[in-house]
Every structure is written in C-alpha cells, then in structure tokens.
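The figures that follow rest on heavy atoms only: side chains count, while hydrogens, waters and symmetry mates do not. Letters A, B, ... mirror the listed sequences (proteins, then strands); counts begin at 1.
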Number of protein chains: 2
Amino acid sequence: MRIGILAKAAGVSVPTIRYYESIGLLTPPARQGGQRIYASEDVKALSLIRHCRDLDFSLDETRDILASVQRRLPCSDTKSFAEQHLRSIRKRIAELRALEATMASLVSGCETTCCGSTAPDCVILQPGQVNCG
Amino acid sequence: MRIGILAKAAGVSVPTIRYYESIGLLTPPARQGGQRIYASEDVKALSLIRHCRDLDFSLDETRDILASVQRRLPCSDTKSFAEQHLRSIRKRIAELRALEATMASLVSGCETTCCGSTAPDCVILQPGQVNCG
DNA sequence: CTACGCCCTCAAGCCACTTGAGGTTCAAGC
DNA sequence: GCTTGAACCTCAAGTGGCTTGAGGGCGTAG
C-alpha cells in the first residue's frame, strides 16, 4: 500500500503523513525502491491520529494518547485526557463569549453614539478596559 | 522617550515593539546613539494597536484599521471591521460548542459503556463522525 | 573607571502543517 | 523498448504573532 492510498484511506494529506513520520508520530514503514510501503494496520494508526486531531487534541496530546493505546492502559486514562481537554475547550468558549459581548457592545455603542463620526473618534477604537482573553 | 518607557506606557513588551516596527506596523522613530527615541504620539499609536490585539483582531486587520484611522475614514468603516470580526468570533464559538458537545458525549459514553476497559477499546477513541470544526 | 541597567541586532523556536522546487520511480500504452 | 504521466521522493521555506537567547553597545551613577 503506497502513501497516496493510505492518505485517502485515513483522510489525511500525503505531506501530512510524511510530516507525522518526521516528528516520530508514525513509525517509518518499509521501502520499495525508495517508496514507502504501508500495511493495513497503519490505516488504523493514522485514522486514530486523525480522530484525535478532529477532536482538536494537540499533536503532543495525541502522542500521549497513542502511547496509552499501545500500552493498553486502562480506559480511565483516556477519559482523563478527554476531561482535561473538555475543560480547556470550555475555558476557551468562555473567553470567546466575553470577547463576543465586548465586541457586540462596542458595535451597538458605535451605532447609537458615534456613527457619522470618523474612525479616530469611534468608540470601537477607544482604548479602554476590554473584559476578555 | 526610550523604548522601555513606551513599552510600559502602552502595555506591550519591548521585543514586540521592535517586531511591529520590523513588519511595518509602527513607523521607525528617530535614533540617538543608535537607540530609538519615541514621541508621545507613539504611545497613542501603539495603544491603539494593543487595543485591536486585545479585541483579537489579526495584525493584518489591525493594519487596515490603523490605515482607516490615519485617513480619517468614516466611522462606518470601523464598524464594518468590527461586525465582520464579530461574525468570525460567533462562528468560532459555534464550532467550539459543537466540539464541546461531542467531547462531553464521548466522556459520558465512556463512563456508562466502556469504563474498566482499555484505551484501544474506549469509545472516545473510536473513529466515527465527529460533528465539529 | 567600573558596574549596572537598558539598549542594539540577528537568529531560532513555537504549532501543525502547506507549498514549492527539483528530481526519481512506477505502470500503462504503443 | 520507449515514452508519457501520475505518483513518489527530499529538502527548504512560509504561515502568525510573537518569545527567547546569544553576543555585544550605550548611558549614567558612584
């Protein structure tokens, strides 16, 4: 199985596969005439990586998850990765919602207060306390 | 006014100021003995950049906003930057909420279904349709 | 004149890839 | 056997928005 077939099977681009190999996330496969030849197990491994990336785990986190799979560690380990990730997602959502509220109030403030003025005087651009981030 | 003073006045790090100059966001100031000397207007300019960054505008967007300020364009231009930014923030929030829902359901699925099993069999790691991103 | 803090430039590192240049291998058709 | 075209190879650089580090210069107070 050549790299292009693997790429389609796992839904990942060809350069990305080579990149994963270069950083040690995928083990280098056998070669024939200089070209990489993969086995069907590699589809599983790469699909798992793609799944982790779809869930927005970082590559470092993905590496840890792969290790826990290879060592057949208990499911509770997997769950704690997921829980920690969920916390960071929720934190990020809270930050973005604060930012959304700030932006929305600035836009409505511009509409009621300064529209018709020029950019340097616009309330949106007045440095003030921004409750976000 | 030397760079360290400007940095404190605008709440930005010294290397960041030099970086902004290197990409053409800040105009290079006068020099004395090789050292940058800033005027009080530069505090305003840099504070505006910081304000845009606090609102999570990209540096490219910030550059456009600065241009609209310098040209004294109407406030409506500023508002449309803000509205577009608000749309992208809301889109990002929606993506993250979908991801949050997916992760939360995987975690609870693990608790009810597979806890006590090992990582390779955990429902969290089963490649399936992930409704996010 | 020495010590210290602040300043300077240039280069590399972070993350997760993508893009491009320039060259090699493979499979199919004639 | 030869040619063509797709797929493969390596290596380097680019993306964003900085931060960090190395190695050195300037200014001022004691």
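Heavy-atom contacts from other residues, nucleotides or ligands closer than 6.0 Å to CD of E83(A) number more than 12.
Atom CD in E21(B) sits about 7 Å away from atom P in dT9(C), given to the nearest Å. Atom CZ in R36(A) sits about 17 Å away from atom P in dA7(D), given to the nearest Å. Note: CZ (R18(B)) to P (dC8(C)) measures 5 Å, nearest angstrom. D56(B) has its CG atom 15 Å from the P atom of dG16(D), to the nearest Å. Residue R31(A) contributes atom CZ, which lies 12 Å from atom P of dC8(D) at whole-angstrom precision. The separation between D60(A) atom CG and dA16(C) atom C1' is 11 Å, rounded to whole Å. Spacing between atom CZ of R63(B) and atom C1' of dG16(D) amounts to 12 Å, rounded to whole angstrom units. Atom CZ of R2(B) and atom P of dT28(D) are 7 Å apart (whole Å).
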task: Between protein and nucleotides 17-24 of chain C, map the contacts as a letter string: B base, S sugar-phosphate only, - none, heavy atoms under 4.0 Å, written 5' to 3'.
output: BSB-----
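Atom OG in S58(B) sits 8.0 Å away from atom CD1 in I65(B) (nearest 0.5 Å).
Nearest-nucleotide positions on DNA chain C for Q32(A) and G4(B) put G4(B) closer to the 5' end.
Each of L73(A) and L125(B) belongs to its own hydrophobic cluster when Ile, Leu, Val, Met, Phe, Trp and Tyr are linked at side-chain heavy-atom distances under 4.5 angstrom.
I23(B) comes within 4.0 angstrom of no nucleic acid atom, judged by non-hydrogen atoms across all strands.
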